[in-house]
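A short worksheet on the structure shown next.
Just so you know, these numbers come straight off a predicted model, no measurement behind them. Each chain gets a letter, A, B and so on, in the order the sequences are listed, and its residues count up from 1.
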2 protein chains.
Amino acid sequence: MLSAKMEDYLKAIYRLERDGDPPIAPSTIAEMLDVTAPTVTSMVEKLADRGLVEREKYKGVRTTPEGETVALEIIRHHRLLETFLTEQLGYDWAEVHEEAEVLEHHISEEFERRVAAVLDEPEFDPHGDPIPSDSLDPIDDESATALSEHDEGGRLEVARVRDRDPDELTYLSDAGITPGTVLTVEEVAPIGMVTVQLESGSSVSLPDHIADAIQVRAPDTQGEDGVSQA
Amino acid sequence: MLSAKMEDYLKAIYRLERDGDPPIAPSTIAEMLDVTAPTVTSMVEKLADRGLVEREKYKGVRTTPEGETVALEIIRHHRLLETFLTEQLGYDWAEVHEEAEVLEHHISEEFERRVAAVLDEPEFDPHGDPIPSDSLDPIDDESATALSEHDEGGRLEVARVRDRDPDELTYLSDAGITPGTVLTVEEVAPIGMVTVQLESGSSVSLPDHIADAIQVRAPDTQGEDGVSQA
DNA sequence: CTTTTGGGTTAGATTCGTCTAATTTGGTGT
DNA sequence: ACACCAAATTAGACGAATCTAACCCAAAAG
C-alpha cells in the first residue's frame with residue numbers, strides 16, 4: 001500500500017514531467033511540495049525501490065509506467081471529486097481544490113466508481129482539466145493555448161483555467177469567465193495586462209499571470225451543449 | 001490539530017463509556033482498536049496532555065467534556081457520511097461503515113455542512129443510529145430494547161441495528177429487516193435462536209448474537225412516513 | 001585542465017504511532 | 001498479613017517522514 005505522501009510525490013513528479021522535461025530535479029520537487037531537498041532524496045529512493053520512478057543519481061527522476069498509472073489514479077480521484085463537489089454538493093470552483101487534495105488519497109475504488117457513475121462519467125472537471133479515464137490511459141494534455149499568447153481581435157473559447165488560487169478563481173467566475181465562456185481579446189496592454197470582452201458585452205482586464213493560466217481554443221461552432229469539450 | 005489516530009482513540013473511549021462505566025481500562029481500548037496495551041498507555045498520555053481525557057494511572061480514562069465534543073464531531077461525520085453514501089451514491093448499508101470509517105477523519109467542516117444540507121439535516125443514519133446535531137450536544141442514546149429480550153407475540157418496530165458485519169447486514173436487508181421494519185416475535189427457541197414474522201408474512205430466524213444487535217420499540221402508530229424515528 | 005560553486009546526497013536527530021520485553025502495581029486468595 | 005497474578009507502565013526499538021548540518025559531485029567558468 002502506498003502512503004498518501006508517496007502519492008503526493010508521484011503526482012508532483014508526474015505533473016512536472018508534463019511541463020518541463022524529465023528527468024525532474026530534486027530541487028524542483030522540493031519546491032513544489034514545500035519540503036527540503038534531503039527529504040526528496042529519501043522519498044525518491046523509496047519510490048525507486050518500489051519501481052514507481054527511475055532514478056539517476058545527481059540528475060533526477062522520471063516516472064515508470066507503473067508510477068504514471070498511480071499518478072493518473074490520484075489525478076482521476078482529484079478531478080472526479082472536484083466535479084462531484086461542485087455538481088452535487090454546490091461547492092464553488094474556487095473551493096474544491098483543497099478539499100479534493102485531501103480526499104483524493106482516502107476514497108475507495110468503490111467510491112470512485114459510484115461518483116463517476118452518478119456524474120455520468122464526466123470527462124472534464126470544473127476547471128476544464130481532463131479527467132483520466134477508468135482505464136487510466138495517459139491523458140493527451142491537449143493543444144489549447146494560453147490567452148496571453150493571443151493578439152487583439154481573436155474570438156476564443158475558454159478551455160481550461162490552470163489556476164488554483166481561490167481569490168483569483170472567485171474573481172474570474174464573478175466576472176463571468178469559466179470554461180466554456182466565449183470571449184474576444186480587446187486590448188493587449190504593454191504593461192502586463194490583457195483586456196477581453198465577453199459575449200455579454202462586458203470587458204474584463206486581467207494581469208498577465210492570470211492570462212497565462214487561461215487556456216483557450218477556437219470557439220465551439222456547434223450548438224452550445226456544455227459537454228462537447230473534447 | 002488532532003491526528004486521525006487520536007480521533008480513533010477518542011471515539012473508542014467515548015463508545016466504551018456509553019456501554020460499560022468509566023473509567024475505561026486500557027486493555028478494553030487496546031482490544032477495541034486492535035493495538036497492544038503499551039500503545040494505549042502512550043496514546044492516552046497524549047490525550048490527557050491535550051485535555052481530552054482524564055487519566056487515573058492504573059485505573060483507566062474517561063473523556064473530558066472537550067474530548068466528548070471531539071468524539072461527537074467524528075461520530076457526526078461518520079453517520080452523515082453513511083447516510084450520504086446510501087442516499088446519494090447508492091451504497092448498500094452493509095458497505096458504508098468501512099468507507100465512512102476512513103473518510104470521517106478527512107472531510108472539512110464545509111463538507112460536513114453541505115452534506116447535512118443536501119440530506120436535509122438527517123437525524124438517523126441507515127442503521128438507525130442517531131446523528132449528533134451540528135451543535136454536538138451529547139446524544140441521548142435512547143431507550144430501545146434488544147429484540148432478544150422480547151417474548152413471543154409482541155409486535156415491534158426495528159429502531160436500530162447495531163451490527164457492522166457486511167454479510168450479516170446483507171442477510172438482514174435481503175430478509176427485509178432494516179430500521180422501520182415492523183415484526184412480531186414468533187418463536188424464541190431454547191437453542192439460541194429467535195424467529196420473527198414480518199408484515200409481509202415471511203418468517204426469519206436469527207441467532208442470538210444478531211437478535212441482541214437488533215434494537216426495537218413499540219411500533220409507530222401514526223402513518224408511515226419514514227422519518228418519525230425519534 | 002583546474003577551480004569554483006550550486007545542487008544533491010549522507011549523516012544524524014526528531015516526532016508519531018507502533019511493537020516486544022522487562023518491570024511495577026494493586027487487588028485476590030489463602 | 002503475604003504471596004501471587006493479572007493488568008498497567010516503563011524501557012527500548014523501529015519505520016515513516018521530516019529537518020539541519022556537513023560533505024561531495026559534476027558541470028560551468030576561467
Side-chain angles (χ1 to χ4, degrees), chain A residues 1-14 16-17 19-63 67 70-71 74 101-102 104-106, chain B residues 1-14 16-17 19-63 67 70-71 74 101-102 104-106:
Chain A
M1 229 352 45
L2 298 190
S3 69
K5 293 300 181 178
M6 290 198 300
E7 291 177 351
D8 279 336
Y9 280 83
L10 233 21
K11 194 174 56 153
I13 294 164
Y14 179 80
L16 291 167
E17 281 177 340
D19 305 335
D21 288 321
I24 304 301
S27 55
T28 315
I29 301 167
E31 193 192 4
M32 170 156 295
L33 295 177
D34 196 34
V35 295
T36 60
T39 304
V40 172
T41 297
S42 73
M43 196 64 188
V44 152
E45 274 171 9
K46 211 181 311 180
L47 292 173
D49 288 348
R50 302 265 197 134
L52 298 167
V53 300
E54 259 173 46
R55 187 180 178 226
E56 295 175 75
K57 251 189 166 186
Y58 293 100
K59 289 269 182 56
V61 287
R62 67 187 69 225
T63 56
V70 172
I74 306 305
E101 197 70 10
V102 175
E104 64 185 7
H105 303 296
H106 302 291
Chain B
M1 220 6 35
L2 299 190
S3 68
K5 292 300 180 177
M6 291 198 299
E7 291 177 351
D8 279 335
Y9 280 84
L10 233 22
K11 194 175 55 154
I13 294 164
Y14 178 78
L16 291 167
E17 280 177 341
D19 304 336
D21 289 321
I24 305 301
S27 55
T28 315
I29 301 168
E31 192 192 5
M32 170 156 296
L33 295 177
D34 196 32
V35 295
T36 60
T39 303
V40 172
T41 297
S42 72
M43 195 66 188
V44 151
E45 274 171 10
K46 210 179 313 178
L47 292 173
D49 288 348
R50 302 266 196 130
L52 299 167
V53 300
E54 260 174 45
R55 187 178 178 225
E56 296 175 75
K57 252 188 166 190
Y58 294 99
K59 289 267 181 58
V61 286
R62 67 186 70 224
T63 54
V70 172
I74 305 304
E101 196 71 10
V102 175
E104 63 185 6
H105 303 297
H106 303 291

* **Nucleotide range of DNA chain D lying under 4.0 Å from chain B heavy atoms** => D:dA8 to D:dT10

* Asked: A:E56 CD to C:dG8 C1': how many Å, rounded?
  -> 14 Å

* Structure fact -> Within residues 21-29 of chain B, those residues having any heavy atom closer than 4.0 Å to DNA chain D are B:A25, B:P26, B:S27

* To do: For residues 22-51 of chain B, pull every pair meeting salt bridge (Lys or Arg N to Asp or Glu O under 4.0 Å), keeping only residues two or more places apart or in separate chains.
  => B:E45-B:R55

* Asked: Mapping A:K57 and A:D34 onto DNA chain D by nearest heavy atom, which one lands closer to the 5' end?
  -> A:D34

* Student check: side-chain heavy atoms of A:V53 and A:I24 closer than 4.5 Å -> no

* Heavy-atom pair of closest approach, residues A:G60 and A:P23 -> C-CB, 3.9 Å

* Residues which pass ring pair (Phe, Tyr, Trp, His ring centres under 6.0 Å) with A:H105, listed by chain and number, not counting sequence neighbours -> none

* To do: Examine C:dT9: is either OP1 or OP2 under 4.0 Å from a nitrogen or oxygen in the side chain of A:R55? Give yes or no.
  => yes

* Return the angle between end axes of the helix from C:dC1-D:dG30 to C:dT30-D:dA1, with five pairs used per end and rounding to 10°. => 10°

* Asked: Do B:V70 and B:L52 come within less than 4.5 Å of each other through their side chains, counting heavy atoms only?
  -> yes

* Nearest atoms (heavy-atom pairs only) where A:E17 meets A:V61 -> OE2-O, 4.4 Å

* Please name all residues satisfying salt bridge (Lys or Arg N to Asp or Glu O under 4.0 Å) with A:E54, sequence neighbours left out, ordered by chain then number. => none

* Asked: With a 4.5 Å heavy-atom cut-off, do B:K11 and B:M32 have their side chains touching?
  -> no

* Name of the residue among A:L47, A:I13, A:L16 meeting side chain to side chain contact (heavy atoms under 4.5 Å, CB included) with A:T63 -> A:I13

* Spacing of A:K59 atom NZ relative to C:dG8 atom C1', expressed in whole Å -> 13 Å

Atom pairs and distances, donor-acceptor, side-chain atoms in residues 35-44 of chain A, under 3.5 Å, two or more places apart:
| residue | atom | partner | partner atom | Å |
| --- | --- | --- | --- | --- |
| A:T36 | OG1 | A:T39 | OG1 | 3.0 |
| A:T41 | OG1 | A:A37 | O | 3.4 |
| A:S42 | OG | A:T39 | O | 3.2 |

Set out, line by line, the N/O atom pairs under 3.5 Å between protein and nucleotides 13-17 of chain C.
| residue | atom | partner | partner atom | Å |
| --- | --- | --- | --- | --- |
| C:dG17 | OP1 | B:S3 | OG | 2.5 |
| C:dG17 | OP2 | B:K46 | NZ | 2.1 |

* Do you know which two heavy atoms are closest between B:A71 and B:L10, and how far apart they sit? -> CB-O, 4.0 Å

* Rounded to the nearest 0.5 Å, what separation is found between the CD1 atom of B:I29 and the OH atom of B:Y9? -> 8.5 Å

